[in-house]
Amino acid sequence: MTVFQTWDMDFALEHLPELLDAFVQFTLVATVLGSILAAVLGLLFAIIRRVRVPVLAPVVTVIVEFVRSTPIPIQLFFVFYGFPTIPGIGFNISAMTAGVLVLGVHYACYYAEVYRAGIESVPKGQWEACTALSIAPRYQWQRVVLPQAIRNVLPSLGNYVISMFKETPFLYVIGVTEMVTVAVTQIGGDAFRYTEVVTLAGLIFLAASYPAAVAMRKLEMRLGHA
Amino acid sequence: MATPETTTAYETTGARASGEPMIRFEEVLKKFGDLTVLENLDFDVAPGERVTLIGPSGSGKTTILRLLMTLETLTGGHIWVDGEPLWHMPKGDKLVPANEKYLRQVRKKIGMVFQQFNLFPNMTVLENVTEAPIRVLGKSRDEANEKGKELLERVGLEAKYEAHPSQLSGGQQQRVAIARALAMEPRVLLLDEVTAALDPELVAGVLNLLREIAETTDITMLIVTHEMHFARDVSHKVMMFDHGQVVEHGPPDKIFTDPDHDRTKAFLHAVIEER
């Protein structure tokens, strides 16, 4: 076995469908579900902190600091292997569920900061106009503040989606068969050929995230000029 | 135009013979940190009366409007609106600090137009005008739209229902803001330097609109403005402020042509010189 292998195109093409399959089934699904969870939970976190909900606000602060100060693989290990063993509250969850939960909560903590910035970018006069019209807090948020806040930070939110997408290979540590796991342990491990499949996996990531990043930059410019 | 009876500031104890005032300030104190903006302030505004507050910046005029709109919290004293305490609610036979729900109830009687318009940029012109009637007054969308269009027509914007505020001139935006405030059918309308942010050529249009509203409605108005001609035309009473105190007050003819106090003379002189 040589360290430097020449590129075997047949081998690459033969395994491309497997990679794409894993990409769609796990990488994309984890990113989409994780992003939705992060978007909803992050917004909740941001509002709880902004309104200073008693009890909940300090809890959110602790969660955010904890999550942002620990690496994703540790969080994955904890949720997948540690959580089910906790007496009384623990139960078994699938690796994919654990993965989506961890990615979602992890990014919710970053989203919360982005939302916070967005909420602060809404001029004070908008809140005052709501008060002057006696609009109840619920509608102030729903109809006036959040539409403006989210619009302002849409590019940042999008960039975090791309960032999460690129961190899905961490799900490897709890055995989710996402694309990189398939490339390295299944195809590569079986054939003792890694170059083609790992390169392909990298290219697939690039092909998805580069256009997305460009789109976000364009969006940013458009919103900036609006 | 109905001429409301002259109100007497300072003599605020006991109901006046003519009935409840629409607005009553009673020993009002407002501080921002260590800075006292209003102190021991008493005045009444009768229903339908239009009062202009004049005075140098920092004299507390805008703070009075913001206290009424509950955009600033009261430090001391009492404010009454249409016989109800604004910042306090009755509990048994005592007055306790108002909660948010109570505040919302009382402030429904009051509308405000801001210097910076503060329209909702994420909504169309018509939505800006119908949002609060639908969410707060519980009107149906159809009803709110009909009333909204009527109001927008009145302010001269019948062609702009579907436009967004960013597509309008400052003058048009302020007209929408006036329509938005009127859509809530307030008893009291607060106008806070509503032409100060406008290009000079757009000022007259907005002022004429307000003149027209003043002539055709009986809404009580509190006006902060530096447009002295407008103040003279629409107000029943002018109050001159300095350092959080009423220097003098009276009918506009008197205040603008023959004021008693040197402070008022100096202020009017400076304002008129400026033009």
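Labels below follow one simple rule: chain letters A, B, ... track the order of the sequence lines, proteins then strands, and each chain is numbered from 1.
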A.B. asks: Can you tell me if OH on A/Y81 sees more than 12 non-hydrogen neighbours from other groups inside 6.0 Å?
C.D. replies: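 Above 12, so yes.
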A.B. asks: Which heavy atom of A/R143 sits nearest to which heavy atom of B/N122, and what is that distance?
C.D. replies: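 It is O-ND2, 2.8 Å.
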A.B. asks: Under 4.5 Å heavy-atom distance to chain A, tell me which part of B/R66 shows up: side chain, backbone, both or neither.
C.D. replies: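 B/R66 touches chain A through side-chain heavy atoms alone.
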A.B. asks: Rounded to the nearest 0.5 Å, what separation is found between the CG atom of B/N118 and the CH2 atom of A/W127?
C.D. replies: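 The CH2 atom of A/W127 is 13.5 Å from CG of B/N118, to the nearest 0.5 Å.
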A.B. asks: Could you look at B/M184 and say if it's the side chain, the backbone, both or neither that has a heavy atom under 4.5 Å from chain A?
C.D. replies: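 Only the side chain of B/M184 comes within 4.5 Å of chain A.
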A.B. asks: Only pairs of heavy atoms separated by less than 4.5 Å count here; which of B/M123, B/M112, B/E127 has the most with chain A?
C.D. replies: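 Heavy-atom pairs under 4.5 Å are most numerous for B/M123.
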A.B. asks: What do you reckon, is CD of B/E146 surrounded by more than 12 foreign heavy atoms closer than 6.0 Å?
C.D. replies: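 No.
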A.B. asks: Among B/E131, B/E100, B/Q105, B/K101, which residue forms the greatest number of heavy-atom pairs with chain A at distances under 4.5 Å?
C.D. replies: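 Option with the top pair count is B/E131.
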A.B. asks: Can you tell me if OH on A/Y172 sees more than 12 non-hydrogen neighbours from other groups inside 6.0 Å?
C.D. replies: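 Not buried by this count: 12 neighbours or fewer within 6.0 Å.
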A.B. asks: I need the A/S134 OG to B/R135 CZ distance, nearest 0.5 Å.
C.D. replies: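 One finds 15.0 Å between OG of A/S134 and CZ of B/R135.
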A.B. asks: Do A/L133 and B/R180 make a side-chain contact, defined as non-hydrogen atoms from C-beta onward lying under 4.5 Å apart?
C.D. replies: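 They are in side-chain contact.
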A.B. asks: Are A/P137 and B/R104 close enough that some pair of their side-chain heavy atoms sits under 4.5 Å apart?
C.D. replies: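 A side-chain contact under 4.5 Å exists here.
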A.B. asks: Does any non-hydrogen side-chain atom of A/C130 lie less than 4.5 Å from one of B/F120?
C.D. replies: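 They are in side-chain contact.
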A.B. asks: Is the shortest heavy-atom distance from the side chain of B/P121 to the side chain of A/Q126 under 4.5 Å?
C.D. replies: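 SC-SC contact between B/P121 and A/Q126 confirmed.
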A.B. asks: Within a reach of under 6.0 Å around CZ of A/R50, are more than 12 heavy atoms found that belong to other residues, nucleotides or ligands?
C.D. replies: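 Result for CZ/A/R50: enclosed.
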A.B. asks: B/I110 versus chain A, heavy atoms under 4.5 Å apart: side chain, backbone, both or neither?
C.D. replies: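 Only the backbone of B/I110 comes within 4.5 Å of chain A.
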A.B. asks: Check each atom of B/L103 against the heavy atoms of chain A and say whether the ones under 4.5 Å are side chain, backbone, both or neither.
C.D. replies: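 Interface part for B/L103: neither.
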A.B. asks: So does B/R141 have more than 12 non-hydrogen atoms from other groups sitting under 6.0 Å from CZ?
C.D. replies: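 Not more than 12 within 6.0 Å, no.
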A.B. asks: Would you name the heavy atoms of A/T131 and B/R107 that are closest together and state the gap between them?
C.D. replies: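 Nearest pair, atom of A/T131 first, then B/R107: O-CD, 3.1 Å.
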